[in-house]
Participant: 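Would you mind keeping the following structure in view while I ask a few things?
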Amino acid sequence: QVQLLESGGGMVQAGGSLRLSCAASGRTFNNKPMGWFRQAPGKEREFVAAMKWSGTFTVYADSVKGRFTISRDSAQNAVYLQMNSLKPEDTAAYHCAASDTRPSYSGQYYASSLYNYWGQGTQVTVSS
């Protein structure tokens, strides 16, 4: 059974940093996509960042580009999201996601429908 477990969320002031972790168990996702999405209260889930498990390809939402970095540790079977220069609008529940499907084009990485495994989420709150 595949499980994704996020950790690292918390409360931080604007301009601060947090590092989210996503530990995958039950299988490895060699050459498959893994990503981060977020959902704020009353809003739809939105794409944040994703990568090909090999690390050779990464994509980011425009709103986080230059501030967030997605990475992975193959030995730990984990994916990370380093978040710097946090803003109040980054406040949301952050969910890790993984897919069994190898995308045929880069645009698919942005779509939540690509991912069939999801974690429960970790809350990030940024105060002004």
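Throughout, residue positions are numbered sequentially from 1 according to the sequence presented.
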Participant: Do Trp36 and Phe47 have their ring centres less than 6.0 Å from each other?
Facilitator: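 No, ring centres 6.0 Å or more apart.
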Participant: Suppose the criterion is disulfide bond (SG atoms under 2.5 Å apart): which pairs have a residue in residues 87-128, not counting sequence neighbours?
Facilitator: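 Disulfide bond (SG atoms under 2.5 Å apart) check on residues 87-128 returns Cys22-Cys96.
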Participant: Is any side-chain N of the basic residue among Lys65 and Asp62 closer than 4.0 Å to the acidic one's carboxylate O?
Facilitator: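 Yes.
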Participant: Kindly indicate whether the side chain of Pro88, heavy atoms from C-beta on, has any atom under 4.5 Å from the side chain of Ser127.
Facilitator: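 Contact flag for Pro88/Ser127 side chains = no.
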Participant: Any idea which heavy atoms bring Pro33 and Leu114 closest together, and the distance?
Facilitator: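 Looking at all heavy atoms of both residues, the shortest contact is CG-CD2, 3.9 Å.
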Participant: Indicate the atoms forming the closest heavy-atom contact of Ser85 with Arg67, along with that distance.
Facilitator: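 Smallest interatomic distance, heavy atoms only, reads O-NH1, 2.9 Å.
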Participant: Decide yes or no on side-chain contact (heavy atoms from CB on, under 4.5 Å) for Gln108 and Thr101, but give the supporting numbers first.
Facilitator: CA-CA 10 Å; Gln108 287 184 291; Thr101 303; 5.7 Å; no
Participant: Please check this pair: side chain of Lys32 against backbone of Asp100, looking for a donor-acceptor N/O pair closer than 3.5 Å.
Facilitator: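 Flag set: sc Lys32 to bb Asp100 pair under 3.5 Å.
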Participant: Main chain of Phe37, side chain of His95: is a donor-acceptor contact present, judged purely on distance under 3.5 Å?
Facilitator: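 Answer holds: no.
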Participant: Treating Ile, Leu, Val, Met, Phe, Trp and Tyr as nodes and any side-chain heavy-atom pair under 4.5 angstrom as an edge, say whether Tyr60 and Val124 lie in one connected cluster.
Facilitator: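 Yes: a chain of side-chain contacts under 4.5 Å links Tyr60 to Val124.
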Participant: Can you name the side chain to side chain contact (heavy atoms under 4.5 Å, CB included) partners of Gln76, sequence neighbours left out?
Facilitator: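 For Gln76 the side chain to side chain contact (heavy atoms under 4.5 Å, CB included) partners, ignoring immediate neighbours, are Asp73, Ala78, Tyr80.
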Participant: Side chain of Asp90, backbone of Lys87: donor and acceptor closer than 3.5 Å?
Facilitator: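 Judged by distance alone, yes, a pair lies under 3.5 Å.
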Participant: Just verifying a value: how many Å separate Gln123 CD and Thr125 OG1, rounded to the nearest 0.5 Å?
Facilitator: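 Gln123 CD to Thr125 OG1: 4.0 Å, rounded to 0.5 Å.
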Participant: Check whether more than 12 heavy atoms from other residues, nucleotides or ligands sit under 6.0 Å from atom CD of Glu89, and answer yes or no.
Facilitator: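 More than 12 heavy atoms, drawn from other residues, nucleotides or ligands, come within 6.0 Å of this atom.
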Participant: Same cluster for Met83 and Met51 if Ile/Leu/Val/Met/Phe/Trp/Tyr side chains link at under 4.5 Å?
Facilitator: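 Shared cluster, yes.
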Participant: Run the side chain to side chain contact (heavy atoms under 4.5 Å, CB included) test against Lys52 and tell me which residues pass, sequence neighbours left out.
Facilitator: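 Applying side chain to side chain contact (heavy atoms under 4.5 Å, CB included) to Lys52 gives Asn31, Ser54, Thr56, Phe57, Tyr109.
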Participant: Shared ILVMFWY cluster between Tyr115 and Val64, side chains joined below 4.5 angstrom?
Facilitator: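 Shared cluster, no.
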Participant: Excluding sequence neighbours, so at least two apart, what forms side chain to side chain contact (heavy atoms under 4.5 Å, CB included) with Ser7?
Facilitator: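 Partners of Ser7 by the side chain to side chain contact (heavy atoms under 4.5 Å, CB included) criterion, ordered by chain and then number, come out as Ser21.
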Participant: For Thr122, which residues count as a side chain to side chain contact (heavy atoms under 4.5 Å, CB included) partner, sequence neighbours excluded?
Facilitator: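 In terms of side chain to side chain contact (heavy atoms under 4.5 Å, CB included), with neighbours along the sequence ignored, Thr122 is linked to Glu6, Leu20, Tyr94.
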Participant: Do you know the tightest heavy-atom contact between Thr91 and Ala40?
Facilitator: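 Nearest heavy atoms, Thr91 then Ala40: O-CB, 3.7 Å.
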Participant: Flag the pair Met34 / Leu4 as yes when at least one side-chain heavy-atom distance between them is below 4.5 Å, and no otherwise.
Facilitator: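 Touching, per the 4.5 Å side-chain cut-off.
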Participant: Please report the closest heavy-atom contact between Arg38 and Ser63, naming both atoms and the distance.
Facilitator: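 In terms of heavy atoms, the two residues are closest at NH2-OG, 3.5 Å.
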Participant: List the atom pairs, donor and acceptor, that lie under 3.5 Å between side-chain atoms in residues 9-19 and the rest of the protein, sequence neighbours left out.
Facilitator:
residue	atom	partner	partner atom	Å
Ser17	OG	Asn84	OD1	2.9

Participant: Treat each ILVMFWY residue as a node, draw an edge where side-chain heavy atoms are under 4.5 Å apart, and state whether Tyr110 and Val79 are in one component.
Facilitator: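 No.
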